[in-house]
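Just so you know, these numbers use all the heavy atoms, side chains as well, and skip hydrogens, waters and symmetry mates.
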Amino acid sequence: MNKQLFRFALFLLVCVSLPLMAAAQVEISAVSNVDNPDVGDQIEVSINIAGGSNVAGYDFTLTFDPTQLQYINIENADYLPPNTFALEPAVGNNSVKFAAAALMGTGEGDGTLAVATFRVLVKTETTIGLEDIEIGDPEIQLLTIASVTGTTMNSTNSGTPTVPDTPTTPETPTTPETPTTPSENVLVTGIRVSAVPSVDNPAIGDQIEVSINIAGGSNVAGYDFTLTFDPTKLEFVSIENADFLPASAIPLPPTVEEGSVKFNAVVLTGTGEGDGTLAIATFRVLVKTETTIGLENIEIGDPEAELLTIASVTGATINSTSSTTDSTTETQVETPTVPSTDPPATNDDTASSTTAAQVEISAVPSVDNPAIGDTIEITINIAGGFNVVGYDFTLTFDPTKLEFVSIENADFLPAGAFVLSPIVENGSVNFFAAAASGTGGSDGTLAVATFKVLAETETTVRFEHVEIGDQMAAPLAIASVTGAIINRVAATVDAEVEYLLSIPAGTNLIHVPLRVTAVNGMARTIASIADLYDALGGASTVNFLITYDSHAQEWRSYFGASDKRGPGDARLTADKGVIADLRTRVSVRLTGSALGETGNGIITLNPGLNVVGLPLDDSRITRVSDLFALNGIGGNVPVIILTDGGGFKVVGRAGDPEDIQITGGQSFILNAQRPATVIIYGDGWTNIR
């Protein structure tokens, strides 16, 4: 099993282990489901919590006597919310360390954190201890633990008269039972793997799907297999991970050779259980004759990368020896299906929030070149609106160049809309309106703001905050936000700048900070992950690039040219962050224009994990902790995860030891509790003057 991909998931749990204290007090106890088990019995030990409040994660170590108990497994229970990420346990000779953290939400009150299973090896009193316990809240603060209680199992049959009974210990000819412990130590026995074709007698040119099925799986965290086939009879088209493993599974790119395809996938959290489909391979039939697809080198692994026992393996036979009369349709079928060899590529992108519609917001001046003293109107327009019942936005401007006069609701919302008085400050105006009944849809004007021109020079009216709401009070996804430039000089918005992007060896959270037109002085664009992979040096410098589709809640991996135009070859939007694992330090000189539109950029957050970068160099943001002051992040994102020098760090507030200066080329992992559109305004990133 490939363990490399587990590395970058480990940082998700660091937030439960920082040495801070919160006031809440909790009690932790280990409770066995059986008080007097027999030799060979399995017992469950529940790790319980009482008095919990705002619990977002836990970390503890169980200790036991390995001559008396054999550890089998441990699982997160139901105290934390369903989206909890559980780290694979660290099992020692006499201890097991386990941790889990909720990606969103918290646990409250009393309940069970985890359940550990042990097998009794000898009939005697023994104790399971609880050590190194940490209970954390979403702000990375550790809750105060009032008491900790381990569990003792009295396996001596109550009362000392049973001591003479110990002569029955010779009865441990039941020790032949201990041979069963090695086999039971393998978490699963009797897994059956089979390849099943979707069609038994396909015609030449037909595409067939071959499902790689599993039966009797338990605690499955990954798989690895090779399909073999006759390339003169079948043409390999594609292979995809199916739904047996949890949604967090990361499939590696297939290794395709003449007559074989090797494929594997591994989960970041959770396991697959029971029966189901591991993967689906697609082939095209080249000749009408019987042929076989073989299954070789099959490995099924558990979360500790231990291989599970496989009882049987069955390949697939395509019986194409019947009916030979339809050969006239062969060429008609074959060529149209060729495009299907490239699966729909960028099915991942623009991460949208909970409501599917996407809207565009723009500010448009009534006059492009006004004179000093003129009043100008700025219309706040919407395009692509659907089921809109209200809006809320903030305009920012330079008060030495423009004077705010007034703002009014326009006609996009139905008549009778409720309008709040604008909140006017030095250089900003906030405005809100909501429909009393009905909704607005499609394109139109939300509001009209009036300004007086104070200076004859170029100036920009920008958006700092925008929310468009539907009938369910859910924010609509905003695809773009464009400010208004009053042009008294030649426009410089699209002027090219340069940025030296330097990335250390190891795992890094990165972002392409410009709309790139050249790399190291050579004309080149970076519009996709494949483009970025090539620009960073390709296979000689890059191990892998990974993005996260926050809408689908799926990781997408790119390992090389074979992934081009596949799911891992994501389109690079202005806020797209990337996890890059590099073999060596890389520096590339990027040339291009600013991201965003007219000095405005957006970061779209969906509930759960988001990997995002800053489209523009915003003067409000100098350190990582400054992000918490932005609308959409403050009060929505508990902590910010970043990398610095190839290592992961966590920032929860200003003054944290990990709080560093922000530069272009960084991205961050934000665990949002609700959808939001974060407005960034400023200039294009540059560190070369």
Under 3.5 Å donor-acceptor, [X] side chain and [Y] backbone:
| X | Y | result |
| --- | --- | --- |
| Y499 | G664 | yes |
| R515 | G596 | yes |
| H511 | A574 | yes |
| R462 | G599 | yes |
| T643 | L509 | yes |
| Y79 | G109 | yes |
| D443 | G384 | yes |
| N430 | F393 | yes |
| D617 | D683 | no |
| T396 | G427 | no |

Do [X] and [Y] come within less than 4.5 Å of each other through their side chains, counting heavy atoms only?
| X | Y | result |
| --- | --- | --- |
| T591 | L514 | no |
| T677 | V466 | no |
| F668 | L642 | yes |
| L609 | I669 | yes |
| V651 | F628 | yes |
| R571 | S528 | no |
| V516 | T525 | no |
| V612 | V678 | no |

What distance separates [X] [atom1] from [Y] [atom2], expressed to the nearest 0.5 Å?
| X | Y | atom1 | atom2 | answer |
| --- | --- | --- | --- | --- |
| S667 | I641 | OG | CD1 | 11.5 Å |
| N387 | L476 | CG | CG | 8.0 Å |
| T460 | N600 | OG1 | CG | 9.0 Å |
| T106 | N54 | OG1 | CG | 4.5 Å |
| L605 | I602 | CG | CD1 | 10.0 Å |
| S428 | I423 | OG | CD1 | 9.0 Å |

What are the two closest non-hydrogen atoms of [X] and [Y], and how far apart are they?
| X | Y | value |
| --- | --- | --- |
| I468 | Y391 | CD1-CB, 3.7 Å |
| N409 | A417 | ND2-CB, 4.0 Å |
| P365 | A363 | CD-O, 4.0 Å |
| I603 | P615 | CG1-CD, 4.0 Å |
| D581 | T507 | OD1-OG1, 2.6 Å |
| P399 | L454 | O-CD1, 3.3 Å |

* Evaluation steps, side-chain contact (heavy atoms from CB on, under 4.5 Å), between I660 and Q666 -> CA-CA 11 Å; I660 63 173; Q666 293 172 299; 3.7 Å; yes

Go through the side-chain N and O atoms of [X] and [Y] and say whether any donor and acceptor fall under 3.5 Å apart.
| X | Y | answer |
| --- | --- | --- |
| S362 | E360 | no |
| T459 | D398 | no |
| Y548 | N606 | no |

* Asked: Is the shortest side-chain N to carboxylate O distance from R556 to E554 below 4.0 Å?
  ->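 Yes, charged N to carboxylate O under 4.0 Å.
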
* I would like to know whether R653 and D656 meet salt bridge (Lys or Arg N to Asp or Glu O under 4.0 Å); could you show each step before the answer? => CA-CA 6 Å; R653 62 186 61 81; D656 275 356; 3.6 Å; yes

* Criterion side-chain contact (heavy atoms from CB on, under 4.5 Å) on N687 and T663, from CA distance to verdict -> CA-CA 9 Å; N687 55 7; T663 62; over 6 Å; no

* **Residue among V419, D392, I380 satisfying side-chain contact (heavy atoms from CB on, under 4.5 Å) with F431** =>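 Looking at V419, D392, I380, the match for F431 under the side-chain contact (heavy atoms from CB on, under 4.5 Å) is V419.
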
* **E403 CD: over 12 foreign heavy atoms closer than 6.0 Å** =>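 Buried by this count: over 12 neighbours within 6.0 Å.
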
* side-chain contact (heavy atoms from CB on, under 4.5 Å) between L630 and R620, intermediate numbers included -> CA-CA 9 Å; L630 299 180; R620 299 171 297 168; 3.6 Å; yes

* To do: Give the C-alpha distance, both sets of side-chain angles, the deciding distance and a yes or no for side-chain contact (heavy atoms from CB on, under 4.5 Å) between Y58 and I49.
  => CA-CA 10 Å; Y58 61 81; I49 181 172; over 6 Å; no

